[in-house]
Amino acid sequence: MQEDEILKRRILDLANRCYQTNVYTFTGFLSPADQALVFEMEQELSFVDWTLYGGGEECERRMLRFGSEEMLGYEEPFPISCLTVKPLAKKFADELTHRDFLGAFMHLGIERDVLGDIIVRDNTGYVFCEDAMAGYLSQHLDRVKHTGVSCEITKQCPEAARPQFSEEELVVSSSRCDAVVAKVFQLSRSQSIELFRAKRIFVGGRQYENNSGVLKAGDVVSVRGFGKFIFSGFLNETKKGRIRVGIRRYL
């Protein structure tokens, strides 16, 4: 695809710029599909150190940074801030969703890659963004849907935005990825397999097309359009020869 080739050239240009000038270089926020492309380029990028980070633990949209303290002799943090967006009058606020917050930011005319994850908790949005845009966004965002809001900028991920999980046990036929995904999201096996064909499954940030692959304890599985979970691993075998596994579902 042409878009993939453009992204590859941009990534290689940033890698070379870091290597040649001995300064850190950064992309904007990359989608999981874009990050999968980065993992496919591991061999091409082997001449330079690189890291992915989104501003908080387990963020899905992440920046790519080229350079490291070992390579360049100094440390430079990711240029990421977090905006806490709260209704001015909670009692009269609309019920706000991820789509409402995203739409409000897009209405300001910005590009999607300046924004990272948007986490909504108790009608408050926690929005990771590029440092360079944080002031502008905070100054100009005064309404989400029909609700007046205030914005506060922090460099650290607020405690309320950290991942929350529900612990669950499931009975499945095997630890194959398609079987577990089908059970977690209450799909048929054929529906689960179709998600692999559509390239909507990511394990550990990498696009995962092998539906018969076996999950390992600690694997982070993201299914675009459905959600995300951590596979905790095998627990025990049932009397009927099936297996009980644990997951930690992101809330």
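For the numbers below, each heavy atom of this structure counts, side chains included, while hydrogens, waters and symmetry mates do not.
- At least one donor-acceptor pair closer than 3.5 Å links the side chain of R249 to the backbone N or O of V184.
- Cluster membership check: L52 shares its hydrophobic cluster with L12, using side-chain heavy-atom separations under 4.5 Å among Ile, Leu, Val, Met, Phe, Trp and Tyr.
- Enclosure of atom NZ in K199 is not indicated, since only 12 or fewer non-hydrogen atoms of other residues, nucleotides or ligands lie within 6.0 angstrom.
- Side-chain atoms of R112 come within 3.5 Å of backbone atoms of L115 as a donor-acceptor pair (strictly under, hydrogens ignored).
- The environment of F92 atom CZ is sparse: at most 12 non-hydrogen atoms of other residues, nucleotides or ligands sit within 6.0 angstrom.
- Transitive grouping of hydrophobic side chains (ILVMFWY, heavy atoms separated by less than 4.5 Å) keeps F231 and L235 in distinct clusters.
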Practice task
May I have the step-by-step check of side chain to side chain contact (heavy atoms under 4.5 Å, CB included) for F105 and V144, ending in yes or no?
Solution key: CA-CA 9 Å; F105 281 106; V144 176; over 6 Å; no

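- For the pair E42 and R206, the salt-bridge criterion is met [side-chain N within less than 4.0 Å of a carboxylate O].
- With hydrophobic clusters built from ILVMFWY side chains whose heavy atoms lie under 4.5 angstrom apart, M63 shares a cluster with I119.
- Using a 30° and 60° split on the angle between ring planes, F26 and F78 fall in the perpendicular class, above 60°.
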Worksheet item: For R9 and D13, what are the C-alpha separation, side-chain angles and deciding distance, and is it a salt bridge (Lys or Arg N to Asp or Glu O under 4.0 Å)?
Response: CA-CA 6 Å; R9 287 199 296 270; D13 178 63; over 6 Å; no

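- Side chain of N211 to backbone of D178: no donor-acceptor contact under 3.5 angstrom is found.
- The aromatic rings of F196 and Y208 sit tilted relative to each other, their planes meeting at an angle between 30° and 60°.
- Distance alone, capped at 3.5 Å, places no donor-acceptor pair between the T147 side chain and the P87 backbone.
- With hydrogens and angles ignored, the 3.5 Å screen pairs no side-chain donor or acceptor of R65 with any backbone N or O of T51.
- Within a 6.0 Å sphere centred on NE2 of H98, heavy atoms belonging to other residues, nucleotides or ligands number more than 12.
- A donor-acceptor contact closer than 3.5 angstrom is absent between the side chains of S68 and E70.
- Under the 3.5 Å distance criterion, the side-chain polar atoms of T25 are matched with a main-chain donor or acceptor of L14.
- Side chain of R143 to backbone of H146: a donor-acceptor contact under 3.5 angstrom is found.
- Counting heavy atoms from C-beta on, the side chains of E130 and P79 never come closer than 4.5 Å.
- Shown here is R121, whose CZ atom has more than 12 heavy atoms of other residues, nucleotides or ligands within 6.0 Å.
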May I have the step-by-step check of ring-ring contact (aromatic ring centres under 6.0 Å, His included) for F165 and Y250, ending in yes or no?
-> CA-CA 5 Å; F165 306 93; Y250 284 79; 4.7 Å; yes

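- The six-membered or imidazole ring of Y24 lies away from that of F66, with a centre-to-centre distance of 6.0 Å or more.
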* To do: Take S173 and R189, measure what side chain to side chain donor-acceptor pair (under 3.5 Å) needs, and give me the verdict at the end.
  => CA-CA 11 Å; S173 57; R189 183 68 72 89; 3.2 Å; yes

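- Ionic pairing of K8 and D4 is not present here: no N-O contact between side-chain nitrogen and carboxylate oxygen is shorter than 4.0 angstrom.
- Summarising the local packing, CD of Q156 is surrounded by 12 or fewer heavy atoms from other residues, nucleotides or ligands at distances under 6.0 Å.
- Checked by atom type and distance alone, the side chain of K145 never pairs as donor or acceptor with a backbone atom of L96 at under 3.5 Å.
- Summarising the local packing, CD of E111 is surrounded by 12 or fewer heavy atoms from other residues, nucleotides or ligands at distances under 6.0 Å.
- Side chain of D122 to backbone of T124: no donor-acceptor contact under 3.5 angstrom is found.
- Side-chain contact check for S174 and R242: no donor-acceptor pair (N or O, by modelled atom type) lies under 3.5 Å.
- With hydrophobic clusters built from ILVMFWY side chains whose heavy atoms lie under 4.5 angstrom apart, V23 shares a cluster with I80.
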Evaluate the side chain to side chain contact (heavy atoms under 4.5 Å, CB included) criterion for residues T27 and L7: first the C-alpha distance (whole Å), next the side-chain angles of each, then the deciding distance (0.1 Å), finally the verdict. CA-CA 10 Å; T27 65; L7 179 58; over 6 Å; no

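- Remark: the backbone N or O of Y136 is paired with a side-chain donor or acceptor of H140 at under 3.5 angstrom.
- Cluster annotation: V223 is connected to L215 through the hydrophobic network of ILVMFWY side chains, with a link wherever side-chain heavy atoms come within less than 4.5 Å.
- Comment: R61 does not engage D34 in a salt bridge, judged by the lack of any side-chain N to carboxylate O separation of less than 4.0 angstrom.
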